[in-house]
Asker: 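Structure provided below as structure tokens; questions to follow.
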Amino acid sequence: MIKFLIKGLWRDKSRSRLPIIVVTIGVTLTVLMHAYITGFMGDTIEMNARFTNGHIKVMSAAYAENMDQMPVDLALMNVEELITSLRDGYPETEWAARIKFGGLIDAPDSRGETRSQGPAIGFGIDLLSSQSRETQRLNLEKALRQGKMPSGPGEILLSDAFATKLKVAPGDTVTLIGSSMNGSMTMYNFIVAGTISFGVEIMDRGTIIADISDVRMALDMPDAAGEILGFMNTGFYDNTKALEIAGDFNRKYLTDTDEYDPVMKSLSQQGNMGQYVAMSEIWSMYVSLIFIFAMSLVLWNAGLLGGLRRYGEVGIRLAMGEEKGHVYRSMIWESVIIGLVGSVLGTALGIFFAWLIQTYGINISGMMRGASVMLPDTIRARISPPDFYIGFIPGLISTVLGTMLSGIGIYKRQTARLFKELEA
Amino acid sequence: MENKSIISISRLIKRFPMGKDEFTALRDISLTFTEGEFAGLIGPSGSGKTTLLNIIGSLDVPTEGEALVLGRSIGKLTTREAARLRKENIGFIFQSYNLLAVHTVYENVEFPLLLLNIPSAGRHKMVMDALEWVGLTDKVRSKPPQLSGGQCQRVAIARAMVKKPSLVLADEPTANLDADNSHHILQTMETLNRELKTTFIFATHDDKVISYLHRKIFLLDGRVDKDEIIRSNKR
């Protein structure tokens, strides 16, 4: 009997191949859209993590309160000791001290007088030590437009647009005019080693990147850092894990009495990133739900039409003594086969297309000019474990559900009308 | 030797709801059919012949009275028991053949045997025998769309006969056939009736069919108007 049903299924294109194609297309779109949304949201989250938020960040409680102002006077002290304890306590995370600061960059002429000036946001990061991964994390070598990477003390990188505006080139000297940790005015000379462009409008306006040792010297911050950023070894932000680590750290270190106590915040606890993380999860869910709903409607109709088209066949089977339950179950099994085949094919195709977008990306830099938020200029999909099963929800469940609902007609059908119906 | 009764209908009434009222399709029908009959229910549209055929075929139940088919009271059967009675004992032939278009002639005829879970080897012999009865052994691999109307109806007869049922019910089996094919089909059925002792009951108003019947039961407005035995089926 099974062989008989499979033969019928295989030979009747509108009963097998057409529904399989419909399911395959639907599942492909579902998987692709899920990977695309995950990639887009994930890229933005990762970019913010790498440049500003980390997956988790340690600051002084007072610094955390005023984080937007980059208050170097509220920086953490005894940073080396704190990093050592962080490495011991949370080995699944990589730690990097940074100093974020604001100031004025002055470009002198040949006589040493101001030729041009501009406000800058500075990043003091570990550029020079061999074990540091900060250069890769910020993708600096790829972002290099002119000159070279800093190779010794006193060398910095300027954003390319900023260097053009100041009319400075690699090898030129610029002066940072800012405020030290103690509140006094500070001036410190740097040599421009190279210029960089991140392709992110907000970062390319006026950025200076220097080695953290130089920044400590310039701002008088020995063994201090504004922030210690933590990056999960998996390479991806895990909100649950980040909240768990932050909670554990704060229980150990944070008191209500000292505003300089270190406090740890997950990426989602910083600024508007919490909303963004929640939004990315909700968007992914909405996209999946929309596709599940859309697929259900499509397959409902496909199932209904298929059922109507097979009205005669079902009628003759009932008349010949096949039980209603048997006819119904055989139709359900058919839809399970169609749903499975369509879901497997659709998942494979969806992952293939997602892989293409993950590998090559879609360049949207043209749309990002003037953007005031940090968004990637190339959107990439990201293939994640749910992509391997999410398509089965609409592909298999909706198909079977559609058939189950359309097949209820089998039970409602009156055998007394079969002769008349089969004469039609 | 007297043939045994296989259908016994007693004071059968069938009513259908029609809006707030009821329509009485069959009124006080009492009939008996014996094994090996070649009988027909004859009457104009609306006379109740298909309704009676439905009840005999366990596709419908009487409102009042009793219909005993092969010893089972149709009105008391569950849906499952009714399906089993049809599957094991009754063959159906329809006006529009109702073959499964994507399956071959062989597979169409084989289908009732699959429902009965008959093993493969026995099944093959039964299918080939049935196709031989209707003269279609050369068409086993053909599919219904490749056949003429007459050939399709012969496949339908083979499908109805393959399990050697006690009873075959045929509703206007020649309505879609020309005269030559109609006679060919009717001759085939008459031969099978004679050789296999299968009871055939037709619902028809076609003169060609009527001319072959051994018993003619005329229905009018849901009542038996006349019951003529043309030729006895005593053998």
Asker: My understanding is that only residues two or more places apart in sequence, or in another chain, count here; which of them pass side-chain contact (heavy atoms from CB on, under 4.5 Å) with B:Val140?
Answerer: B:Tyr106, B:Met128, B:Leu131
Asker: Check whether more than 12 heavy atoms from other residues, nucleotides or ligands sit under 6.0 Å from atom CG of B:Asp28, and answer yes or no.
Answerer: yes
Asker: Which answer fits B:Ser120, side chain, backbone, both or neither, if we ask what part of it has an atom under 4.5 Å from a heavy atom of chain A?
Answerer: neither
Asker: For B:Ala203, give me all partners under side-chain contact (heavy atoms from CB on, under 4.5 Å), at least two apart in sequence or on another chain.
Answerer: B:Lys49, B:Leu53, B:Asp171
Asker: Under a 4.5 Å heavy-atom cutoff, which of B:Ile90, B:Thr51, B:Val102 has the most pairs with chain A?
Answerer: B:Val102
Asker: Just by distance, do the side chain of A:Arg11 and the backbone of B:Ala101 share a donor-acceptor pair under 3.5 Å?
Answerer: no
Asker: Does the distance from a Lys or Arg side-chain N to an Asp or Glu carboxylate O, for B:Glu110 and A:Lys3, drop under 4.0 Å?
Answerer: no
Asker: Is it the case that more than 12 heavy atoms not belonging to A:Lys13 sit under 6.0 Å from its NZ atom?
Answerer: no
Asker: Quick one: pull up CZ in A:Arg317 and CG in B:Leu115 and give me the separation to the nearest 0.5 Å.
Answerer: 8.0 Å
Asker: Does a sphere of radius 6.0 Å around CZ in A:Arg17 hold more than 12 heavy atoms from other residues, nucleotides or ligands, not counting ones at 6.0 Å or beyond?
Answerer: yes
Asker: Quick one: which of B:Gly57, B:Pro112, B:Ala83 has the most heavy-atom pairs under 4.5 Å with chain A, could you say?
Answerer: B:Ala83
Asker: Please report the interatomic distance NE2(B:His103) to CG(A:Asp12), rounded to the nearest 0.5 Å.
Answerer: 8.5 Å
Asker: Please report the shortest heavy-atom distance between B:Phe94 and A:Ala319, naming the atom on each side.
Answerer: CZ-CB, 3.8 Å
Asker: Counting neighbours of CZ on B:Arg84 that are heavy atoms of other residues, nucleotides or ligands and sit closer than 6.0 Å, is the number greater than 12?
Answerer: no
Asker: Take B:Phe111 and A:Ile316 through the test side chain to side chain contact (heavy atoms under 4.5 Å, CB included) and record every step on the way to the result.
Answerer: CA-CA 11 Å; B:Phe111 184 64; A:Ile316 190 71; over 6 Å; no
Asker: Is B:Lys208 atom NZ crowded by more than 12 heavy atoms from other residues, nucleotides or ligands, each under 6.0 Å away?
Answerer: yes
Asker: Once rounded to the nearest 0.5 Å, what's the spacing between atom CZ of B:Arg86 and atom CD of A:Glu322?
Answerer: 11.0 Å
